[in-house]
Number of protein chains: 4
Amino acid sequence: MGRPPLKKSAIERSALELFVEKGVDGTSIRDIAERAGVTEGALYRHHKGKDDLVRALFFENHAGFAKMISHLWKSDGRFQVLIPDLVRAFFEFYDQDPYIFRFVMLVRHKLLEEVRADEKNPVELLSRIVREAMKRGEIPKGDEPLLTQLILGMVMQTAVGQYYGRIDGPLVDRAETVAGYCLLVSGAEAASAAAR
Amino acid sequence: MGRPPLKKSAIERSALELFVEKGVDGTSIRDIAERAGVTEGALYRHHKGKDDLVRALFFENHAGFAKMISHLWKSDGRFQVLIPDLVRAFFEFYDQDPYIFRFVMLVRHKLLEEVRADEKNPVELLSRIVREAMKRGEIPKGDEPLLTQLILGMVMQTAVGQYYGRIDGPLVDRAETVAGYCLLVSGAEAASAAAR
Amino acid sequence: MGRPPLKKSAIERSALELFVEKGVDGTSIRDIAERAGVTEGALYRHHKGKDDLVRALFFENHAGFAKMISHLWKSDGRFQVLIPDLVRAFFEFYDQDPYIFRFVMLVRHKLLEEVRADEKNPVELLSRIVREAMKRGEIPKGDEPLLTQLILGMVMQTAVGQYYGRIDGPLVDRAETVAGYCLLVSGAEAASAAAR
Amino acid sequence: MGRPPLKKSAIERSALELFVEKGVDGTSIRDIAERAGVTEGALYRHHKGKDDLVRALFFENHAGFAKMISHLWKSDGRFQVLIPDLVRAFFEFYDQDPYIFRFVMLVRHKLLEEVRADEKNPVELLSRIVREAMKRGEIPKGDEPLLTQLILGMVMQTAVGQYYGRIDGPLVDRAETVAGYCLLVSGAEAASAAAR
DNA sequence: AATGAATGAGATTTCATTCAT
DNA sequence: AATGAATGAAATCTCATTCAT
């Protein structure tokens with residue numbers, strides 16, 4: 001009974017896009033409503049306000065990233081396989097819908113404290129992956145926090161570079177290459193060579 | 001060195017800090033005036049308005065970065081020397097005043113068109129540096145745009161990682177290490193080995 | 001006795017309470033629906049809207065007061081008996097359900113014109129009672145409008161005083177005392193003494 | 001330097017009047033601004049918001065009442081003189097500007113807790129006056145809280161009665177009469193008779 | 001040069017009411 | 001009868017900017 005919430009997803013999608021296009025503060029409720037084809041008040045049936053909407057969109061997608069990572073991690077633990085899988089999965093995800101990643105980047109800042117407290121933080125997961133690979137000897141022991149950031153930096157900046165028009169074509173085309181550099185920096189190849 | 005000046009008028013410094021702390025849209029003229037110890041109207045003596053202030057702060061500092069890069073590039077062209085110098089210079093700069101870099105990152109987006117048109121764009125300069133190194137055979141020929149982004153990503157993400165509390169201590173302590181990875185990814189070491 | 005019914009539908013009772021607790025304008029349809037355990041739309045099954053609900057609650061209860069007074073007035077006309085009966089009846093009523101009286105006080109203002117036109121207005125009835133007592137010589141002739149207000153003031157302020165925490169216990173305990181003062185101010189005792 | 005706050009008092013007076021005429025919730029910021037001849041934003045230079053404005057107006061005037069009482073109390077302590085003075089002062093005050101008293105009555109409710117905590121609460125002062133008169137034997141010992149409310153009720157309801165059109169002319173004309181009733185109810189006359 | 005009151009435009013939010021289900 | 005999504009109008013509040021002093 002009662003109408004189905006026909007417009008909820010339209011509102012959320014419009015918000016996501018506009019936040020990316022014009023920034024969170026640069027986007028008004030009116031903008032969102034207009035693009036979603038509803039009136040301003042409709043938003044408040046589904047979210048307490050703009051902040052709440054931002055938060056909901058963020059954590060929903062943040063959790064999505066974390067799930068993606070967890071899923072791959074479980075299926076094959078070896079660093080040399082996992083990293084390429086992760087890079088490829090992320091790039092495929094980004095190619096398919098660049099808005100979500102950009103939105104998450106955009107908003108991370110504002111929700112910093114809450115992100116830090118989040119155990120399923122994707123960065124935290126990557127950090128654990130690196131730590132474990134070091135422990136298992138899949139890569140040489142070293143400065144894990146730095147290595148985590150370097151891998152993150154290469155992967156994410158590739159996406160940013162595409163956004164800024166400095167890199168062409170789908171990211172997936174560079175997945176293998178970028179993953180290779182991640183392994184190179186990790187010392188994974190040297191380690192596996194040594195193991196041979 | 002062509003570093004941007006570290007001392008600004010109270011208004012500009014207050015604005016810079018607040019923009020970083022609360023975002024540009026999240027900072028009101030009143031906020032700025034309050035922190036600077038003046039009243040709202042005073043700002044309009046020095047700048048046409050908020051937009052003008054943002055733009056002034058951005059280009060002033062953006063140009064500073066470019067100058068820093070140009071200066072180093074001219075003094076020694078070899079990639080294997082230049083990259084470590086650049087990384088160290090950037091990290092020193094960041095350690096001394098993290099606000100400026102963060103502000104530039106924050107605002108890039110909004111001024112995107114104007115940044116792209118700017119020949120002295122720091123990213124553009126790095127891109128040229130990489131291109132030239134390839135031309136000269138200092139590093140193997142390859143996907144220059146991607147390599148530029150990878151270097152950028154590693155360097156900048158190190159700063160971000162520190163900001164997010166994942167990396168401790170001054171960035172400068174990691175300068176050599178990070179630069180080494182940049183050269184590794186560039187293939188500079190292999191190239192120089194081959195040259196031997 | 002013609003007391004207004006103490007049980008209302010959930011909606012009406014919830015509305016009554018909330019109006020007293022948070023004011024009419026401070027109470028939303030949603031608030032009422034929530035407390036009544038229904039949804040917003042349900043209210044419109046029973047009332048045309050919020051205004052209609054307020055009006056209905058008011059006149060229902062206002063008429064109840066008038067009935068209470070009329071009933072007692074008819075049963076024994078003598079002022080010296082009637083006043084104590086009225087005071088006691090009002091105090092009993094208030095003790096049993098303070099919300100109704102408070103609600104009526106709260107809303108009187110807004111419905112002023114309609115109340116004035118109402119012949120069965122409780123204040124109007126009291127006024128007639130006083131006038132008649134003067135005519136009959138039960139109390140000395142005098143400033144009837146003022147006397148009416150003085151009686152009203154003493155009785156009602158006793159209730160207000162309890163609400164504000166300045167008077168303890170059930171009002172009924174003070175009924176006799178307060179009634180005595182009303183008669184004292186009316187000159188009823190002197191009059192009856194003189195009649196002796 | 002800077003313009004003088006020309007409109008502050010206009011805003012506050014307009015607000016006071018409108019709150020009385022249409023209720024606090026029934027009065028919008030726009031209404032206030034319109035009557036004061038300013039734009040809506042002007043209000044926020046002087047008060048944080050509507051609530052803040054209400055609070056400021058209330059406590060300013062509430063304190064005014066308390067001062068009036070304190071002043072008279074100090075000048076002559078005897079109950080038989082003080083009560084008529086107080087009643088007259090209050091009626092004169094009301095005749096001169098009925099809005100202030102009505103506003104205070106209107107808002108008391110909402111600020112109940114804060115009022116209770118206020119030592120200079122006019123009701124609290126009256127209560128002390130009565131208590132002291134009992135202690136000094138100026139009036140017979142008895143139920144002080146009730147007596148306080150009865151006096152309050154008579155005095156205030158006279159004002160309310162005039163507002164509702166049931167009592168004509170300036171209140172001051174009734175000051176002596178009402179004060180006489182207050183003393184009568186207090187037993188002051190009997191007490192002074194007994195003292196003779 | 002500076003002040004800070006006031007403006008004017010627009011943002012977020014609330015809410016009585018309507019209406020498809 | 002009831003639901004609750006959506007509307008539409010209005011309310012509160014914010015803020016870059018202007019301007020009299």
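Just so you know, these numbers come straight off a predicted model, no measurement behind them.
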Would you call the rings of [X] and [Y] parallel, tilted or perpendicular, taking 30° and 60° as the class edges?
{"X": "C/Y164", "Y": "D/H109", "answer": "perpendicular"}
{"X": "B/Y94", "Y": "B/F101", "answer": "perpendicular"}
{"X": "C/F59", "Y": "C/H62", "answer": "perpendicular"}

Distance-only donor-acceptor test, C/E40 side-chain atoms vs E/dC15 base atoms, 3.5 Å: no
Sugar-phosphate only, base, or nothing, as touched by D/G49 at under 4.0 Å among non-hydrogen atoms: sugar-phosphate
Sugar-phosphate only, base, or nothing, as touched by A/T39 at under 4.0 Å among non-hydrogen atoms: base
Of A/R30 and B/R45, the one whose closest DNA chain E nucleotide lies more 5': B/R45
Side-chain N or O of D/H46 closer than 4.0 Å to phosphate OP1/OP2 of E/dA6: yes
D/K7 side-chain N/O to E/dA6 phosphate OP1/OP2 under 4.0 Å: no
Intermediate values then yes/no, side-chain hydrogen bond (donor to acceptor under 3.5 Å, both in side chains), A/E12 and A/H47: CA-CA 10 Å; A/E12 291 178 352; A/H47 300 278; 2.7 Å; yes
Base-pairing mate for E/dA1 - Watson-Crick or G-U, with both contacts under 3.5 Å: none
Complement of F/dT12, any strand, by Watson-Crick or G-U distances under 3.5 angstrom: E/dA11
